[in-house]
Protein chains: 2
Amino acid sequence: MNPTESSPRRRPTIRDVARKAGVSKSLVSMVIRGEEKVSARSREAVLRAAAELGYRPNLMARSLVQRRTKIVGVMVSDLRNPFFGDVVSGIEQQASELGYKVLFTTGDRQQERETEAIENLLELWVDGLILAGPRIDQDSIGRIGRSVPVVVLHRPTPTTSSADSVTNDDRAGAEMAVNHCHALGHARIAHIDGGTGAGAQERREGYEHSMRRLGLVEHIVLVSGGYTEPRGYQGAQELLSKRPLPTAVFAANDLCAMGAINAFEEAGLGIPSDISVIGYDNTSLAALRHVSLTSIHQPSIEMGQMAVERLFQRIDKGRTEPTHEVVAPSLVVRNTTGPPPAEPELEVRR
Amino acid sequence: MNPTESSPRRRPTIRDVARKAGVSKSLVSMVIRGEEKVSARSREAVLRAAAELGYRPNLMARSLVQRRTKIVGVMVSDLRNPFFGDVVSGIEQQASELGYKVLFTTGDRQQERETEAIENLLELWVDGLILAGPRIDQDSIGRIGRSVPVVVLHRPTPTTSSADSVTNDDRAGAEMAVNHCHALGHARIAHIDGGTGAGAQERREGYEHSMRRLGLVEHIVLVSGGYTEPRGYQGAQELLSKRPLPTAVFAANDLCAMGAINAFEEAGLGIPSDISVIGYDNTSLAALRHVSLTSIHQPSIEMGQMAVERLFQRIDKGRTEPTHEVVAPSLVVRNTTGPPPAEPELEVRR
DNA sequence: AAGACCGACTGGAACGTTCCAACTTTAGCG
DNA sequence: CGCTAAAGTTGGAACGTTCCAGTCGGTCTT
């Protein structure tokens, strides 16, 4: 009969705490926010009352009046790619350092769901947005960038965009990969590309450019792949169906490289004795001793940190001109690359 | 001189839209929420005004009055473990099906940061909480469960707890692993455990129980490990320092198994010719043909879906008695397990 | 002893929504 | 042509905070 008592006990508010502690709601607010100008006696009373009631501040109400959330939203394109594990860890680290909370969403590599995920974050009024390897188009990013600070991670962004970006030099990385193979004596170096993935275009261009510069134009073989293992497997299948076989393959990323390796091993080819494989991202996967994949490293943890830092500059320091940070990738040689087989097929037929 | 005009253009609110469309804010609200009882003319006017202003509803304000957010919060213990990629994907799928948004946080396998992460979600007033492989203690979980619907994933939870749970039968899974090795002819089956990780205790118990039942008590060798690759590596090192060496090793999870394999290979042991290794979780990692790790499968995508479903029942269907769903694990045999070496060290010395 | 000042505390007005009761307008009907 | 019903629309009161302009004692200064 008494609705107040029989209801499923609604969450206590600042008012309940105030009543219990015998002070005003303003005072409770001050204590919760950790303001100095409160007498020890009141502070203690408030704290006790809050603890007894199990009071938890309502962030929504707070953000509403402050018009800011102290939350940075992160849209991660693919949570299954171990690469993003590192990125995320860098982001969290730096964010907590700067007093920000982090919320993640993912688009599962689908444009449409990415848009949805980003929309969710925006409706929450996050103070800033990090897009890690987004697949949505530049226009959309630009549009979003006009209403909230945005940092694009791992995807080259035109300097005209209103968004910041933190990327590695994909083109240079791709060239490193090709040069490494060339230095080992390879000529027939193929590329399984990353399709529409973030930075895939640049890696493709870097590959072609490098091949051309090394005078290997006629050996350019480019098959379509993607940033996942099955795509790498498919790409490798396509390579296997063509003659002559390449002696080295530069895969769009580590996952893709793993798929390719599987296909090659399945076809009875030895790695790197028959065919060398090099990946990109230098994920924990590549580092597994059992895998030991040669790869191009990008400092993902640091890049995550930088992204948060850039956001911070915009939000709290009032920076307005966009910045575009490009970090240098580096080559990590492991056991999936080596000299080409002594007697390449073509030579035998002479 | 005119602060309104020179300010960095604050986000448009429902009032701005109302003014522009020449209607009341209530009407705008109705249109935005998609209510039926609005004339086509008004609806169109509102929609146009909203589009022109780039209006985006403020979810905080809405939640404040509705006292619900339509958000489920997910705390993931370790985003670097590919296992959680699947879980998360199942969660997202089901959530979007039921009209809920999903926000992730992670504790990076540290209790303290988990607590913090969960606190963040609670301050946002998420409608429900999923804890995927949490490390925080049962008491805390119970306490949280009393203020908001909670589903614990991948971690056995006492039936007395106010939280729901969705787990696989870790004990049975561990027994499967041991039985599989035994069936192949192994007797010296060691276990690298998962330390304080979710479900690690049960896997440990399953191992011991099974060994005992098979009459292999004296072969029980249990070293401490963890749910990461380096921990598996360390555990394997410890095993390598003891005599006799085991002929099979059951690792706490796939990551741990990978670390162990690395250590064994480094020590010159062939897998599975010298030593068999079996993991747990059947992650995408294990499935990589190049890795081809024998593992215990748990249906992670489905488990993620179930977790959301359970939450939904509590939030929208008013269920109050806790449920504890336990799904059956299954054995996936791949290439890291095989018969023990023909001449075990001990036999030679006879 | 009067004024100025300080520190601790308070009430009311926001913040951007939704909800509800009440108000118009239009339509239907005898 | 008046009455009722339905459809469409509206303003004001929440929601749980923070912020701001004060109030209220008390202490210091001259």
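In what follows, every chain begins at residue 1, and chains take the letters A, B, ... in the order their sequences are listed.
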What nucleotide, of C:dT18, C:dC15, D:dT17, holds the atom closest to the side chain of A:Arg62?
D:dT17
Residue pairs passing the side-chain hydrogen bond (donor to acceptor under 3.5 Å, both in side chains) test where at least one lies in residues 44-57 of chain A, sequence neighbours excluded
A:Lys20-A:Glu52, A:Arg56-B:Glu119
Would you kindly give the CZ-to-P distance between A:Arg19 and C:dT10, to the nearest whole Å?
14 Å
Specify the residue among B:Asn58 and B:Glu35 whose closest nucleotide of DNA chain C lies further upstream toward the 5′ end.
B:Asn58
Side chain of B:Ser29: nearest nucleotide among C:dT18, D:dC15, D:dT9?
C:dT18
Tested for side-chain contact (heavy atoms from CB on, under 4.5 Å) against A:Arg310, the lone hit among A:Ile130, A:Val166, A:Val150, A:Ile315 is A:Val166
Side-chain donor or acceptor of B:Ser26 under 3.5 Å from a matching atom on the base of D:dG11?
yes
Flag if over 12 foreign heavy atoms under 6.0 Å of CZ, B:Arg41
no
Would you indicate which nucleotide in D:dT17, C:dG16, C:dG11 comes nearest to any side-chain atom of A:Tyr55?
D:dT17
Any side-chain N or O of A:Arg43 under 4.0 Å from OP1/OP2 of C:dA8?
no
Atom pair OG (B:Ser24) and CE (B:Met30), whose distance is rounded to the nearest 0.5 Å
8.5 Å
Between C:dA8 atom P and A:Arg41 atom CZ, what is the distance in whole Å?
13 Å
Ignoring backbone atoms, establish whether B:Arg67 has a side-chain N or O less than 4.0 Å from OP1 or OP2 of D:dG16.
yes
Comparing A:Val28 and B:Lys25 on DNA chain D - which has the more 5′ nearest nucleotide:
B:Lys25
Let me know the distance between NZ of A:Lys37 and P of C:dC6, rounded to the nearest Å.
11 Å
Quick one: which of D:dG8, C:dA8, C:dC19 gets closest to the side chain of B:Gln66?
C:dC19
Starting at the 5' end of DNA chain C, which residue's closest nucleotide do you reach first, A:Ala40 or B:Pro12?
A:Ala40
Spatial distance of atom CE (A:Met75) from atom CZ (A:Arg113) [nearest 0.5 Å]:
11.5 Å
Have a look at B:Ser42 and say if it touches a base, only the backbone sugar-phosphate, or nothing, with a 4.0 Å heavy-atom cut-off.
sugar-phosphate
Picking from C:dC9, D:dC15, D:dT18, the nucleotide nearest the side-chain atoms of B:Val65 would be D:dC15
Would you mind reading off the distance between A:Leu27 atom CG and C:dG7 atom P, rounded to a whole angstrom?
16 Å
Does any N or O in the side chain of B:Ser77 come within less than 3.5 Å of the main-chain N or O of B:Gly133, such that one atom is a donor and the other an acceptor?
yes
Within this structure, what is the CZ-to-P distance between B:Arg68 and D:dA14, rounded to whole angstrom?
22 Å
Could you give the CE-to-P distance, from B:Met60 to D:dA14, as a whole number of Å?
24 Å
Closer to the 5' end of DNA chain D via nearest nucleotide, is it B:Glu36 or A:Arg15?
B:Glu36
Taking CD1 from A:Ile14 and P from D:dA14, how many angstroms apart are they, rounded to a whole number?
19 Å
Has B:Arg11 got a side-chain N or O lying under 4.0 Å from the OP1 or OP2 atom of C:dG16?
no
Closest to side chain of B:Thr13, choosing from D:dG16, D:dT9, C:dT17:
C:dT17
Taking only N and O in the side chain of A:Ser39, is any of them less than 4.0 Å away from OP1 or OP2 of C:dG7?
no
Whole angstroms only, please: what is the CG-P distance between B:Leu64 and D:dT17?
9 Å
